[in-house]
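The sequence lines fix the lettering, A, B, ..., with proteins before strands; numbering per chain opens at 1. Computation of the quantities below employed the complete heavy-atom set of this structure, encompassing side-chain atoms and omitting hydrogens, waters and symmetry-equivalent molecules.
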Amino acid sequence: MKVITHTTTRAARGKGLTLVWGLHDFALGKMLVALSSEGVCWIGINCGEKDLAKNWPGANLIEDAKITAKPARELAAAWKKGWPQRAGDLSVPLVLYGTAFQIKVWKELLKIKSGAVVTYADIARKVGLPAAVRAVGSAVGKNTLSIIVPCHRVVNTSGNKISYGWGPAMKKALLKAEGVPAYA
DNA sequence: CGCCGGTCGTAAA
DNA sequence: TTTACGACCGGCG
């Protein structure tokens, strides 16, 4: 899959950008897919335009589900097949807008196989900052491509707390659907 | 168990 | 530039 990255801060992210978005079904609910001229740049679960706007300050938003339908279908299918382990090719690139650190973390998430989970500490080690566990948590939580950048596959060491931007129940449902034993 | 300190990248002030 | 705050972790009681 092709991945395009842009290093920015949250505040500057949406400036001068036009995003075309639409709502589409996937296995566990509705997904909001937003496209820039380069590819998919934002995915939200069971949410609406206000969530999109909040994440892209200053961006020009255009709703057109006809345009987002094809990529949305591909993304949903890819996840269902065990993304990214048995990923089918997507006709659009994944576009990551974030700080250098966040992009590093998100790219690490793309390596986690479907059906597996890793801890925040694991990611911290992988990016070479073993003590920055908490900073990793923040970065994971700011993931802009829900489901596709599999932030739901990151859990805490003790396994007793489960946090997720779209609600703990959705995280559990995703892990269950992926066949993670502890959530079956 | 629950509490506390350490750590480090961010957004906001 | 300063401050406050996390989708955390490990140690200690």
Side-chain angles (χ1 to χ4, degrees), chain A residues 3-17 19 26-32 34 36 40-48 50-59 61 75 79 83-84 94-184:
Chain A
V3 179
I4 298 172
T5 63
H6 293 287
T7 307
T8 57
T9 59
R10 158 78 175 249
R13 183 195 277 171
K15 199 166 175 64
L17 210 57
L19 266 32
F26 83 108
L28 301 178
K30 289 273 186 190
M31 98 183 142
L32 191 160
S36 71
V40 201
C41 65
W42 200 77
I43 297 174
I45 307 175
N46 294 333
C47 65
K50 58 189 177 306
D51 300 277
L52 178 63
K54 197 167 50 178
N55 277 275
W56 298 88
L61 307 180
L75 293 165
W79 174 72
W83 172 269
L94 306 183
V95 189
L96 267 30
Y97 280 82
T99 64
F101 181 76
Q102 287 162 351
I103 289 173
K104 224 168 157 184
V105 169
W106 298 341
K107 283 192 164 178
E108 218 39 67
L109 302 187
L110 279 171
K111 298 179 187 167
I112 310 171
K113 294 180 296 183
S114 180
V117 291
V118 302
T119 66
Y120 296 94
D122 290 332
I123 301 290
R125 273 191 292 273
K126 293 256 189 93
V127 298
L129 284 170
V133 189
R134 209 162 173 183
V136 165
S138 310
V140 170
K142 287 169 187 152
N143 172 31
T144 49
L145 294 178
S146 302
I147 306 174
I148 291 305
V149 171
C151 62
H152 58 279
R153 296 180 191 150
V154 190
V155 300
N156 70 141
T157 300
S158 53
N160 54 6
K161 269 172 288 189
I162 176 150
S163 314
Y164 194 55
W166 307 112
M170 179 56 69
K171 184 165 179 175
K172 286 182 202 162
L174 286 163
L175 293 174
K176 180 179 178 184
E178 293 177 357
V180 179
Y183 299 88

Sub-3.5 Å pairs of nitrogen or oxygen atoms, protein against nucleotides 4-7 of chain C:
residue : atom : partner : partner atom : Å
dG6(C)  : N7   : R134(A) : NH2          : 3.1
dA7(C)  : O4'  : S163(A) : OG           : 3.3
dA7(C)  : N6   : G165(A) : N            : 3.4
dA7(C)  : N3   : Y120(A) : OH           : 2.7
dA7(C)  : N3   : S163(A) : O            : 3.3

Identify all pairs in which a protein N or O lies below 3.5 Å from an N or O of nucleotides 11-13 of chain C, and state each distance.
none

*Going through the checks in order, is the side chain to side chain contact (heavy atoms under 4.5 Å, CB included) test met by L75(A) and W83(A)?*
CA-CA 9 Å; L75(A) 293 165; W83(A) 172 269; over 6 Å; no
_Derivation and outcome, side chain to side chain contact (heavy atoms under 4.5 Å, CB included), residues W42(A) and S36(A)_ = CA-CA 9 Å; W42(A) 200 77; S36(A) 71; over 6 Å; no
*Go through the steps to decide whether L52(A) and L61(A) satisfy the test side chain to side chain contact (heavy atoms under 4.5 Å, CB included), and finish with yes or no.*
CA-CA 9 Å; L52(A) 178 63; L61(A) 307 180; 4.0 Å; yes
*Between W106(A) and T5(A), is a side chain to side chain contact (heavy atoms under 4.5 Å, CB included) present by the stated rule, with each step listed?*
CA-CA 11 Å; W106(A) 298 341; T5(A) 63; over 6 Å; no
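N55(A) places a side-chain heavy atom less than 4.5 Å from the side chain of R10(A). Between V95(A) and H6(A), the closest side-chain pair of non-hydrogen atoms falls below 4.5 Å. At least one side-chain heavy atom of L175(A) sits less than 4.5 Å from a side-chain heavy atom of R153(A).
Atom CG of L32(A) is separated from atom CZ of F26(A) by 12.0 Å, given to the nearest 0.5 angstrom.
Backbone-only engagement by L129(A) is indicated by non-hydrogen atom pairs under 4.0 Å involving sugar-phosphate atoms exclusively.
On the nucleic acid side, DNA chain B has its first and last nucleotide under 4.0 Å of a heavy atom of chain A at dG6(B) to dA11(B), going 5' to 3'.
Remark: T157(A) is in phosphate contact with dC9(C), judged by side-chain N or O atoms under 4.0 Å from OP1 or OP2.
By the side-chain contact (heavy atoms from CB on, under 4.5 Å) test, K15(A) is found to be paired with no residue, residues two or more places apart in sequence or in another chain being considered. Contacts of K172(A) classified as side-chain hydrogen bond (donor to acceptor under 3.5 Å, both in side chains), with partners at least two apart in sequence or in another chain: none. Residues that satisfy the side-chain contact (heavy atoms from CB on, under 4.5 Å) test with A173(A), not counting sequence neighbours, are L28(A). Taking the side-chain hydrogen bond (donor to acceptor under 3.5 Å, both in side chains) definition, one finds that S163(A) meets it with nothing, sequence neighbours left out.
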*Watson-Crick or G-U pairs under 3.5 Å in DNA chain B, rendered as dot-bracket with [ ] for crossing pairs and | for another strand*: ||||||.||||||
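Listed by first then second residue, pairs satisfying side chain to side chain donor-acceptor pair (under 3.5 Å) with a partner in residues 111-130 of chain A read E108(A)-K111(A), T119(A)-D122(A), D122(A)-R125(A), not counting sequence neighbours. Residue pairs meeting the side chain to side chain donor-acceptor pair (under 3.5 Å) criterion with at least one member in residues 134-152 of chain A, sequence neighbours excluded, are S146(A)-W166(A), H152(A)-E178(A).
A heavy atom lying under 4.0 Å from DNA chain B marks the following residues of residues 99-107 of chain A, by number: T99(A), F101(A), Q102(A). Within residues 177-184 of chain A, no residue is approached by DNA chain C to less than 4.0 Å at the level of any non-hydrogen atom.
In this structure, the side chain of R13(A) does not engage the main chain of T8(A) through any donor-acceptor pair within 3.5 Å.
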